[in-house]
Amino acid sequence: MSNQSDLVIVYHRQPFEEVVVDGETLYQENKSPNGIVPTLKSFFQTVDHGSWIAWKHVENDGDEVPDRHVTMNDRHGEYDVLRIGLTEDQVKSFYHVTSKASLWPVLHSFAPHFDAEAADWDTFREVNRRFAEAACEEASDDALIWVHDYNLWLTPTYIREIKPDAKIAFFHHTPFPSADLFSLLPWRDEIVDSLLACDIVGFHIPRYAENFVQVARTLRGAEVTERVPVEAGLSPLGAALSEPEVTTRLEYRGRTVRLDAWPIGTNPSLIRKVLSEPEADERLAQIEGELGEQQLIVSVGRVDYTKGTTETLLAYERLLERRPDLHGKIKLMVTSVAAATGMTVYEETQEEIEQLAGRIHGRFATLAWGPLMLFTTPVPFEELLSYYRAADFCWITPLRDGLNLVAKEYVAARGVDDPGVLVLSEFTGCSVEMPDAVTANPYSHESLDAAIDRSLAMSPSERADRMARMCAVVDRYDIEHWAEHILGQFDAVRGTTAATPAVATAAAG
Ligand code: GDG
């Protein structure tokens, strides 16, 4: 146990898997080597000692968490995990209801789904305060405390109260909405003040940072003190989420708050390494054997009305209606894995997806051909990569998405040798990085259908050119690049120089 961590990561989920073997609880590194958790853990390599704060289920409020402190030693080195105990009711209230039913719809510009009355703001405050107390318990005097995502929006306020001189960073994985939408939140001033208590607030793309600036200026009177042009690669003219300039500093109540907009990358080296293994060749041969002459379209997401899975299925149904010549020649693979939350709104979305998939199958399937496959349970990472590799097309059609890592994973997995085509919603954060995708407005049938037709008709040379440019973006702005960028920002906040984290590329399996 240590309470002298130089970097404390506050992220609601635990950074390991808990398994019980012969009655003994073991803490094991997550099986899936991709995703945000391994990336965040890689930052521990840059400091002498790191800690992670997460929640753990307890029976009754106030119960001691068994193994409150876990010291992990995995490929990211040694770090501590401090778990705060939350009851089932607290988790439901804080996460499933207030975060997912009240905050999530507003963040994703879904005003009709917003339910202010369902929210339990007192519990939200209390849980956020506990995360802050745990973070301060672990942090050394000059530690940097890095808080993740909107469900911990109030944590910076409480950290500032306990440790007035703490260095606090915050990163949003979601979009940040316009002031018109954000102002729907009855707790808006409290949220903005908490974000303005940070030393640095991070977003995926400049548009979200600018939306926050609008909120901070109009609701709280923060002043813009620095604005810079956006890197050419992050501001394609005419894109729905493009911004030519971005604010990098605000002043508020005598303090400077830095803003940062830098999209998370994926791990193309890891993806290529997994796909270069003999097992991957076998998997690919099997998938291609089963597909025969059919072309594969993949669409990977979670059950969430923001992810546009319904829009993907409806677009596929329209395609099969207008192009009978494609029957028997294409197949759509959709993954839509439900979160284990039991939230009504997600249950409705899941039902809708399953019904639509059934309807399409019922309308178009023949004895010899099934038009689609729907996976509702997670596909193992290695298998998912093989599907990406086998897919001629990838359709990513969210109505709103903070970034969308699947699009980048597809580009990295499919690669340049046998290029595929990415059809991408212009309301995903990554669309500003990848103008070479065939971008579409998923709210418009005409736009989505035109993008799909265009992707199907694209010449091999255009496919190759576009894919080469997208691969270059995904390779250049990979996860290591993001980590280096973030560390540069941390250095500026701390006024020091830190080491670069080695994001694991060779640790699959
Ligand atoms: C949030 C923001 C932002 C999906 N199905 C399977 C599977 N996945 C993996 C994908 C990808 C990840 O889950 C999903 O990442 P996304 O970025 O697409 O979306 P969210 O989960 O909504 O994440 C989002 C992200 O945070 C990062 O800041 O980009 O906008 O909403 O890595 O591959 N993995 C496996 N089986 C599946 O069936 N193994």
Side-chain angles (χ1 to χ4, degrees), residues 266 271 275 284 287-288 290-301 307-336 356-357 360 364 369-375 379 383-398 401 404-426 428 430-431 434-442 445 447-471 473-474:
T266 188
I271 290 173
L275 286 172
L284 186 62
I287 294 170
E288 287 179 343
E290 285 171 17
L291 283 171
E293 293 301 303
Q294 298 169 74
Q295 293 201 307
L296 181 66
I297 306 162
V298 287
S299 185
V300 172
K307 289 283 181 188
T309 312
T310 303
E311 283 67 23
T312 287
L313 287 166
L314 289 171
Y316 188 57
E317 187 175 41
R318 292 194 300 274
L319 176 67
L320 296 179
E321 277 166 6
R322 72 177 175 279
R323 293 281 307 269
D325 58 302
L326 293 175
H327 296 191
K329 300 197 178 118
I330 53 174
K331 190 183 290 289
L332 173 68
M333 182 195 118
V334 178
T335 75
S336 189
L356 260 177
I360 296 169
F364 299 104
W369 174 61
L372 57 78
M373 301 180 286
L374 170 66
F375 293 129
V379 179
E383 241 174 75
L384 190 65
L385 294 185
S386 297
Y387 282 113
Y388 289 146
R389 171 63 66 87
D392 298 276
F393 305 97
C394 177
W395 294 0
I396 304 285
T397 65
D401 209 340
N404 195 288
L405 284 168
V406 172
K408 295 187 172 187
E409 291 165 5
Y410 171 71
V411 168
R414 180 74 190 188
V416 286
D417 293 343
D418 183 13
V421 188
L422 174 64
V423 174
L424 183 62
S425 158
E426 54 183 350
T428 57
C430 68
S431 64
M434 294 198 285
D436 279 298
V438 181
T439 51
N441 174 352
H445 290 184
S447 170
L448 203 45
D449 293 352
I452 287 168
D453 288 343
R454 193 159 173 223
S455 69
L456 289 163
M458 194 178 283
S459 70
S461 68
E462 187 179 350
R463 269 190 189 210
D465 290 348
R466 284 173 179 259
M467 197 54 150
R469 287 192 293 263
M470 286 194 287
C471 280
V473 169
V474 169

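Starting from 1, each residue takes its place in the sequence as its number. Just the heavy atoms: all of them, side chains too, but no hydrogens, waters or symmetry mates, feed the values below.
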Does any N or O in the side chain of [X] come within less than 3.5 Å of the main-chain N or O of [Y], such that one atom is a donor and the other an acceptor?
X: Glu462; Y: Ser459; result: no
X: Arg414; Y: Asp418; result: yes
X: Ser299; Y: Trp395; result: yes
X: Thr397; Y: Pro442; result: no
X: Tyr316; Y: Pro371; result: yes
X: Ser425; Y: Pro398; result: yes

Where do Tyr410 and Phe393 come nearest, in terms of heavy atoms and distance?
->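 Distance-wise, the nearest heavy atoms are OH-N, 3.7 Å.
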Using side chain to side chain contact (heavy atoms under 4.5 Å, CB included) as the criterion, point out the one residue from Met470, Arg469, Arg466 that pairs with Met434.
->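 When Met470, Arg469, Arg466 are each tested with Met434, the side chain to side chain contact (heavy atoms under 4.5 Å, CB included) holds only for Met470.
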Within 45° of the ring axis of Phe364 and under 6.0 Å from its six-membered ring centre, is that where the NZ or CZ of Arg323 lies?
->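 No, Arg323 and Phe364 do not form such a contact.
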Quick one: are Val423 and Arg454 in side-chain contact, heavy atoms under 4.5 Å?
->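 A side-chain contact under 4.5 Å is absent here.
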Show your working on side-chain contact (heavy atoms from CB on, under 4.5 Å) between Leu372 and Leu313 and close with a plain yes or no.
-> CA-CA 9 Å; Leu372 57 78; Leu313 287 166; 4.0 Å; yes
Check the pair Leu319 / Leu456 against side-chain contact (heavy atoms from CB on, under 4.5 Å), numbers first and verdict last.
-> CA-CA 11 Å; Leu319 176 67; Leu456 289 163; 3.7 Å; yes
